[in-house]
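Structure, as C-alpha cells:
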Amino acid sequence: MNIKSLTLSLLLCLAAIPAWAQSSYDDPMSQALMQAFDELLAEDPRDPETLVRRAGLYYAHHDYVKALDDVNTAMKYFPADDDEARYPAYQLRAKIYQRQKKYQDALADLNEVLKVSPQDYGTIYQRAGVLYELGRYPESNADYNLMLRLNPHSQDALLGKAKVAVKQNNLGTASELADRAVSLTPNRSEIYIGRASVRNLMGNRQGAVEDYISAISIDNESTARALQQLVALSRTDYPVVMAGLSSAITKAPRNGMFYFIRAMIAQGHCNYLAAIADYDKIINENLDSYPGLNGALAECYYYLGRYDRALLNADYAISATDDNAFYYVLKSRIKRAQGDNEAALDAAEKALEKTPESIDALEAKALAEVALGQPAGASVALSEAAMVNPENPMIQILRGWVLGDYRKQKANSERAYEMVLDMDFDFDNVQSLRGFALLALDRKEQADNWMERVLDTAEDYDGAVNYYATCYYAQSGMPERALRCMEASLEKGYANYHNWTKATEANVNCSPLRNDPRFTALLDRYSHLFK
C-alpha cells in the first residue's frame, strides 16, 4: 500500500467521529431496498419475513432502535409453533442486543437459535462472546472448545480461549494460544489484529503495536483496522506506539509508509516538529512522492506559526494536483494569519469551486469575509455550512458570533448557540463546545459546571482538553485558572502555536491572556515545542 492510499484511512482514524453518528441511506441500493420493503409492508403490515428483512437493513446501517422494533413486531406475527420460521429473527435480534450491550437478552435469543440448530458454528461463536461479556468464563470457554471440535483449526476459538485465559489470569496459556492461532496463517494480516487484542488485554502494549504493524505490512486487507487500533492506542500510550513505529523503521529504513504513519500520528498529537522531520525524510530521500506530503507540511508549519514555510508547501501541493480543494483551504487559513484577507477569500472561493459543500472551505470563506468587514457574506457561508452539517458545534458557535457581534441580531445569535446545546454529544466531550455556547448565553454557572466536568473526566492525552479549558477560563474572566490550564496543556505537548498566539475566532480562543506577561513566559518556557 502506498502513502496516498493510506492518507484517507489515517485521517478518518485521527478525526473525532461522534459515537452517535449513523451511516446514511444515501446509496441507491439501500434506498431501493427500503422503498421495496415499505411498499410490501403497506400492502401487508403483518408480513413477518419482510419486517425481519427491513430490520436487517436497519441493522446494517447501525439503526438498532428501528431494527429492534421491526424484529419485535415480526415476532408477534410468526406462527406460534414454527420455531424454524423465527430462526432468522432470533439470530438478528441477538446481534442487535449484542450491539446494544444487552448481553442477557442476546443470550436468550442465541439459546433459542441453538435449540433449532445445536451445531450452528456462527451462533456458538456469538454465544461464546456474549458469555465472555457476561463474565461467565467457564461457559464461554466451553463454547470455544465446541467450536474447536467442529473445526480443529478455528483461529477464532483459539483467540477466544486466549482472552478467557487472560481473564482467569493464565497469561502463559493465553500467549501460547494466541501464538498458535497466528502460526496457522502467518501470512494473513487479520490474525495479527486478533493476537494484538489478546496482547492488549494482557497489558502487552509493545507486542500489540508490533502486531498492528505486522498487519499493515503483510497485506491491505486489514490496514484500516490496524491503523484505527494504532491511533486509539496512541491516545493512551503514545510513547509505546511511537517506539514500535521507530523499531519498524529501523528494520526497514526505506519504507516510507512507516515514516508516514509515524508522522500522521505525531501530527494528530500536535507534535508538529517530529511530524515535519518524518515528512521531510520521505520527500528528501525520495521514499514516496505525493502532494499530500506537502499539504501535511503546510498544515504543520501553519500550526507552528511559520506561515511563510506553510505557504510554500501549500502552493506546491496546489500546483501538483487537480484534487487540491483542501490545499486551497490551507492557503486561505495561512493568508488570513498573514493578514492578507483578500487572498484568503480568493483561496477559499477556489476551494469551493472544487467542493461546493466543503465545511472547511465555507468556514474559511466566512472567516475571511469577517476579516474584510463583510459579515453578511460570512453569515450566508456559515448558514450553508450548517445546512451541510447541522451537528457541527463550531459552525454554530461561529454563526452565533457573527450574528451577535457583527450583525447585531441577538435573537438569531442566541438560537445558534441554543443549537449547540441541542446536539447529541456526551456531556463531557470538550469538542461539543457546550460551555462556550452557555457562556455566550450568559449561563455562566452551567458553563462552569460543564468545564469542570470535562476536566474531571476527559482523557487529555495531548493537551487539547486543557487548551480548550484555557480558552474557556480566559473568556470567562478567570485568568489564574486559565494560566494553570495553559501550563497543563503545554506540559502535555500541545504545540499549536497558531492557536496560542493568533486565533481570535468567536469566544473559543485565549486572546484575553495574550497581554499577560505570564502567558509569554509560559510560551518561552515551552519553546522547545515550537522551534
Side-chain angles (χ1 to χ4, degrees), residues 16 18 20-21 336 341 345 348 357-455 457-458 464-465 467-479 481-482 485 499 503-514:
W20 41 263
R336 192 163 55 84
N341 297 311
L345 180 58
E357 293 190 340
S358 165
I359 298 288
D360 291 323
L362 288 164
E363 180 181 326
K365 179 181 179 182
L367 293 175
E369 289 181 319
V370 168
L372 288 166
Q374 301 169 12
S379 181
V380 170
L382 291 169
S383 293
E384 290 178 18
M387 285 189 284
V388 173
N389 184 358
E391 296 287 329
N392 185 314
M394 190 62 197
I395 292 299
Q396 295 297 351
I397 290 280
L398 291 171
R399 283 189 69 232
W401 171 57
V402 171
L403 290 167
D405 289 18
Y406 292 91
R407 306 207 68 198
K408 308 305 178 186
Q409 297 178 8
K410 184 179 179 184
N412 289 334
S413 172
E414 289 178 349
R415 273 195 289 273
Y417 292 125
E418 290 284 358
M419 289 181 76
V420 176
L421 304 183
D422 290 338
M423 292 180 188
D424 191 12
F425 284 83
D426 291 337
F427 186 84
D428 56 356
N429 185 340
V430 75
Q431 293 186 8
S432 72
L433 305 181
R434 184 179 182 87
F436 296 93
L438 288 165
L439 195 62
L441 291 166
D442 295 322
R443 292 156 62 176
K444 188 173 183 302
E445 184 177 352
Q446 290 175 269
D448 287 347
N449 289 339
W450 172 82
M451 193 71 254
E452 290 295 336
R453 168 82 173 272
V454 170
L455 287 171
T457 59
V465 172
Y467 168 74
Y468 280 109
T470 303
C471 297
Y472 174 81
Y473 289 119
Q475 294 289 337
S476 63
M478 302 171 69
R481 186 69 193 275
C485 291
N499 277 358
T504 57
E505 295 84 6
N507 61 347
V508 189
N509 61 75
C510 60
S511 58
L513 289 181
R514 290 175 187 152

task: Dump the intermediate steps for side-chain contact (heavy atoms from CB on, under 4.5 Å) on T470 and L513, then the final yes or no.
output: CA-CA 9 Å; T470 303; L513 289 181; 3.7 Å; yes
- prompt: How close do A381 and A366 get, heavy atom to heavy atom, and via which atoms?
  reply: CB-CB, 4.0 Å
task: Kindly give the heavy-atom pair with the smallest separation between N499 and C510, and that separation in Å.
output: O-SG, 3.9 Å
task: Show the numbers, then the answer: is there a side-chain contact (heavy atoms from CB on, under 4.5 Å) between E391 and N389?
output: CA-CA 5 Å; E391 296 287 329; N389 184 358; 3.8 Å; yes
query: Given side chains that start at C-beta, do those of S511 and R514 come closer than 4.5 Å, heavy atoms only?
result: yes
message: Let me confirm one number: the CG-SG distance from L433 to C471, rounded to the nearest 0.5 Å.
response: 10.0 Å
query: Are Q396 and D422 close enough that some pair of their side-chain heavy atoms sits under 4.5 Å apart?
result: no
- request: For the residue pair F425 and R434, establish whether any side-chain heavy-atom pair is separated by less than 4.5 Å.
  value: no
message: For A361 versus A348, what's the shortest heavy-atom pair and its separation?
response: O-CB, 4.0 Å
Distance (rounded to the nearest 0.5 Å) between Q431 CD and D426 CG: 11.5 Å
- prompt: Considering only heavy atoms from C-beta outward, does the side chain of L345 approach that of R336 to under 4.5 Å?
  reply: no
message: As a quick check of understanding, evaluate side-chain contact (heavy atoms from CB on, under 4.5 Å) for V508 and L398, giving each step before the final call.
response: CA-CA 9 Å; V508 189; L398 291 171; over 6 Å; no
message: Quick one, C485 with Y472, criterion side-chain contact (heavy atoms from CB on, under 4.5 Å). Give me CA distance, side-chain angles, the key distance, then yes/no.
response: CA-CA 10 Å; C485 291; Y472 174 81; over 6 Å; no
V430 side chain reached by W450 side chain, heavy atoms, under 4.5 Å: yes
query: Which pairs pass side-chain hydrogen bond (donor to acceptor under 3.5 Å, both in side chains) with one or both residues in residues 435-445, sequence neighbours excluded?
result: E418-R443, R443-Q446, K444-D448
field: CG-CD1 distance between L362 and I395, expressed to the nearest 0.5 angstrom
entry: 7.5 Å
- request: Find out whether W401 and V370 are in side-chain contact, i.e. whether some heavy atom of one side chain is under 4.5 Å from a heavy atom of the other.
  value: yes
task: Provide the full list of salt bridge (charged side-chain N to carboxylate O under 4.0 Å, His left out) pairs with a residue in residues 361-383, sequence neighbours left out, each pair given once.
output: none
message: Side chains of E384 and L382, heavy atoms from C-beta outward: is any pair under 4.5 Å?
response: no
- request: Heavy atoms only: give me the nearest A437-L421 pair and the separation to one decimal.
  value: CB-CD2, 4.0 Å
- request: Report yes if the side chains of S379 and N412 come closer than 4.5 Å at any heavy-atom pair, otherwise no.
  value: no
